[in-house]
2 protein chains.
Amino acid sequence: MRNQGPEMEVVHLLRAVTVELGLHSARFASRNGMHPTDVRALIALMDASRADQEMTAGRLGAVLGLNSAGTTALVDRLERAGHVRRVRGKADRRKVAIEVTESAVELGWDHFGPLIGRAVELLRVYDERETAAIRGFLEGVREAAKECD
Amino acid sequence: MRNQGPEMEVVHLLRAVTVELGLHSARFASRNGMHPTDVRALIALMDASRADQEMTAGRLGAVLGLNSAGTTALVDRLERAGHVRRVRGKADRRKVAIEVTESAVELGWDHFGPLIGRAVELLRVYDERETAAIRGFLEGVREAAKECD
DNA sequence: TCGAGTATCTCGCTCGGCGAGATAATACGG
DNA sequence: CCGTATTATCTCGCCGAGCGAGATACTCGA
């Protein structure tokens, strides 16, 4: 029942990929004296900056599943390491916007750039229908993971 | 330079999938009073059992990147929760083989089964060439993550 | 202006993981 | 066989990430 069609091989492969990508992030973390949570925080911050919306301390904690105390400690760590700046909200001065520093972006690019480059190379060999299949499968899994709660 | 061809969209999508799968594991962990590391340990143990090779305490710690003290604490936690059994090695009595209990397997299947089922469904709609593309891309990314260290 | 609401921070604590070293079992040269 | 080096795991003491509770600082509606 819980056994292998040929599809299960791909499912295990996807899981292996997530494990390997997790280890890749962990190497980045330990090389820079950071913890897994700090890396997740930087990724969330860069995502927000790419979407051109400001990330406050509270929203960051919510995304990472931390409470306010843990979030403060996290931002303290990142700020002490120079990866992040606290900027008091101009409109609402209770809020604290968190901005990644240029040095943190460089650091991240140095580590993740080569991997991203190779992934992009991989995609070049596929035609439109194959690329659509890859995109469709990934989107489907993302939705499924969101909904199977 | 570090900007968007249409390929970058797929790369970001893959990253989003790993984030979502991570959150799915985290839900499993918190629902069962476990920590992320405990879930990773159970996955490693089930992988080993699927490959029909015994997992010792030391090997488990190495896979997870824990030292011996942390590994002992981890196995203590899992054993206390009834997810795992310690079995002294028969050939080499220094070694301690770790076996997942049937109840842990059931627990894992209850949580991950639906997601796996939906992923398998997704794959059914693709023909052989599309499936090969998905497999090829995932294998390529796995290799790239391993090699970009 | 006052009080309710909201965003962040401080304090004290728990517990996962680490380093160092103890213990137990095996391997191996003499 | 015996003693010593080696290997696998465990024990002890400590550090630090993250939590709960409550303090602080700011905003907004009445």
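Chain letters run A, B, ... following the sequence lines, proteins first, then strands; residues in each count from 1. This one's a predicted model, so the numbers in the text were calculated from it and none came from an experiment.
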Determine whether B/Arg15 and A/Asp47 make a side-chain contact, defined as any pair of heavy atoms from C-beta on separated by less than 4.5 Å.
yes
Side-chain heavy-atom pair A/Ile98, A/Val96 within 4.5 angstrom cut-off:
yes
With A/Asp52, which residues qualify under side-chain contact (heavy atoms from CB on, under 4.5 Å), at least two apart?
none
Going by the rule side-chain contact (heavy atoms from CB on, under 4.5 Å), which residues pair with B/Arg142 if we only count those two or more places apart in sequence or in a different chain?
A/Leu13, A/Ala16, A/Val17, A/Glu20, B/Glu139, B/Lys146
Of all of residues 21-39 of chain B, which get a heavy atom below 4.0 angstrom from DNA chain C, listed by number?
B/His35, B/Thr37
For residues 44-74 of chain A, which residues have at least one heavy atom under 4.0 Å from DNA chain C?
A/Thr56, A/Ala57, A/Gly58, A/Ser68, A/Ala69, A/Thr72
Residues in side-chain hydrogen bond (donor to acceptor under 3.5 Å, both in side chains) contact with A/Ser103, at least two apart in sequence or another chain
A/Thr101
Show the atom names and distances, to 0.1 Å, of all donor-acceptor pairs under 3.5 Å that link a side chain in residues 58-69 of chain A to residues at least two apart or in another chain.
residue, atom, partner, partner atom, Å
A/Asn67, OD1, A/Ala69, N, 3.2
A/Asn67, OD1, A/Gly70, N, 2.9

For nucleotides 25-29 of chain D, tabulate all protein N/O to nucleotide N/O atom pairs closer than 3.5 Å, reporting atom names and distance.
residue, atom, partner, partner atom, Å
D/dT27, OP1, A/Arg93, N, 3.3

Inter-axis angle, terminal five-pair segments of the helix from C/dT1-D/dA30 to C/dG30-D/dC1 [nearest 10°]:
10°
If you draw a 6.0 Å radius around CD in A/Glu128, do more than 12 non-hydrogen atoms from other residues or ligands fall strictly inside?
no
Nearest heavy-atom neighbours spanning [X] and [Y]:
{"X": "A/Leu21", "Y": "B/Ala145", "value": "CD2-CB, 3.9 Å"}
{"X": "A/Gly140", "Y": "B/Leu122", "value": "C-CD1, 3.4 Å"}
{"X": "B/Ala119", "Y": "A/Val141", "value": "CB-CG2, 4.4 Å"}

Any chance the side chains of B/Arg77 and B/His83 put a donor and an acceptor closer than 3.5 Å?
no
Side-chain donor-acceptor pairs under 3.5 Å in residues 84-91 of chain B, sequence neighbours left out?
residue, atom, partner, partner atom, Å
B/Arg86, NH1, B/Asp76, OD1, 3.0
B/Arg86, NH1, B/Glu79, OE1, 2.7
B/Arg86, NH2, B/Asp76, OD1, 2.9
B/Arg88, NH1, B/Arg93, O, 3.2
B/Arg88, NH1, B/Arg94, O, 2.9

Hey, which of A/Glu7, A/Glu143, A/Glu147 is the one that makes salt bridge (charged side-chain N to carboxylate O under 4.0 Å, His left out) with B/Arg118?
A/Glu147
So, using ring-ring contact (aromatic ring centres under 6.0 Å, His included) as the criterion, who are the partners of B/Phe28 when residues are at least two apart?
B/His111, B/Phe112
Over how many whole Å does the gap from B/Arg86 atom CZ to D/dA8 atom P extend?
16 Å
The first and last nucleotides of DNA chain C lying within contact of chain B, meaning any atom under 4.0 Å from one of its heavy atoms, run from C/dG16 to C/dT26
The complete set of ring-ring contact (aromatic ring centres under 6.0 Å, His included) pairs with one or both residues in residues 44-76 of chain B, sequence neighbours excluded, reads none
